[in-house]
Structures are given as C-alpha cells and as structure tokens.
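The block underneath contains the structure these notes are about, expressed in structure tokens.
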Amino acid sequence: MGTEDKFSNKAEELKGRAKENIGEATGDEELRAEGRADQTEGGLKQAGEKVKDAGKKVKDAFKK
C-alpha cells in the first residue's frame with residue numbers, strides 16, 4: 001500500500017506540474033490553477049504518507 005500510494009501521489013504532482021506549464025504556455029489560467037491544485041493535493045498526500053511512516057517507526061521502536 002505505501003509504495004504504491006507514494007508513486008501515485010508523485011505521479012499526481014508531476015501531472016499537475018505539466019498542466020500548470022501547459023496552461024502557462026497557452027495562457028489558460030484555468031488549466032494553470034488546476035495544475036497547481038493537483039500539485040498541492042499530491043504533495044499533501046505525500047506528507048500524509050510520511051506521517052504514517054514515522055508513526056510506524058515509532059510503533060516498531062516500542063515493540064523492541
């Protein structure tokens with residue numbers, strides 16, 4: 001679940017970057033905004049995965 005989610009989140013962020021760049025090149029403000037939103041969403045999901053990973057490490061440390 002974790003690695004697949006991380007890959008998916010990064011792909012979403014990259015897709016957003018592409019949309020933003022295309023929107024900028026064509027003057028399409030709506031596409032630029034959509035791209036920025038996709039990047040933000042992907043970044044937030046990545047941050048959530050990092051928090052889950054850190055929580056798992058803490059949990060594992062107490063099991064030892």
Begin with the C-alpha distance, continue with both residues' side-chain angles, and end with the deciding distance and a verdict on salt bridge (Lys or Arg N to Asp or Glu O under 4.0 Å) for D60 and K56.
CA-CA 6 Å; D60 290 346; K56 186 176 183 322; 3.3 Å; yes
K10 with D5: basic N within carboxylate O range, under 4.0 Å:
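Looking at K10 and D5, the cut-off is not met.
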Is it true that E49 and K52 have a side-chain N and a carboxylate O under 4.0 angstrom from each other?
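K52 and E49: salt-bridged.
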Can you tell me how far the [atom1] atom of [X] sits from the [atom2] atom of [Y], to the nearest 0.5 Å?
X: L44; Y: E13; atom1: CG; atom2: CD; result: 9.5 Å
X: L14; Y: N9; atom1: CG; atom2: CG; result: 11.0 Å
X: E34; Y: K15; atom1: CD; atom2: NZ; result: 7.5 Å

When you measure from the side chain of S8 to the backbone N and O of E4, does any donor-acceptor pair fall under 3.5 Å?
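Such a contact is absent between S8 side chain and E4 backbone.
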Test item: [X] and [Y] side chains (from C-beta on) under 4.5 Å apart, heavy atoms:
X: I22; Y: R17; answer: no
X: K19; Y: R32; answer: no
X: T3; Y: F7; answer: no
X: K6; Y: Q46; answer: no

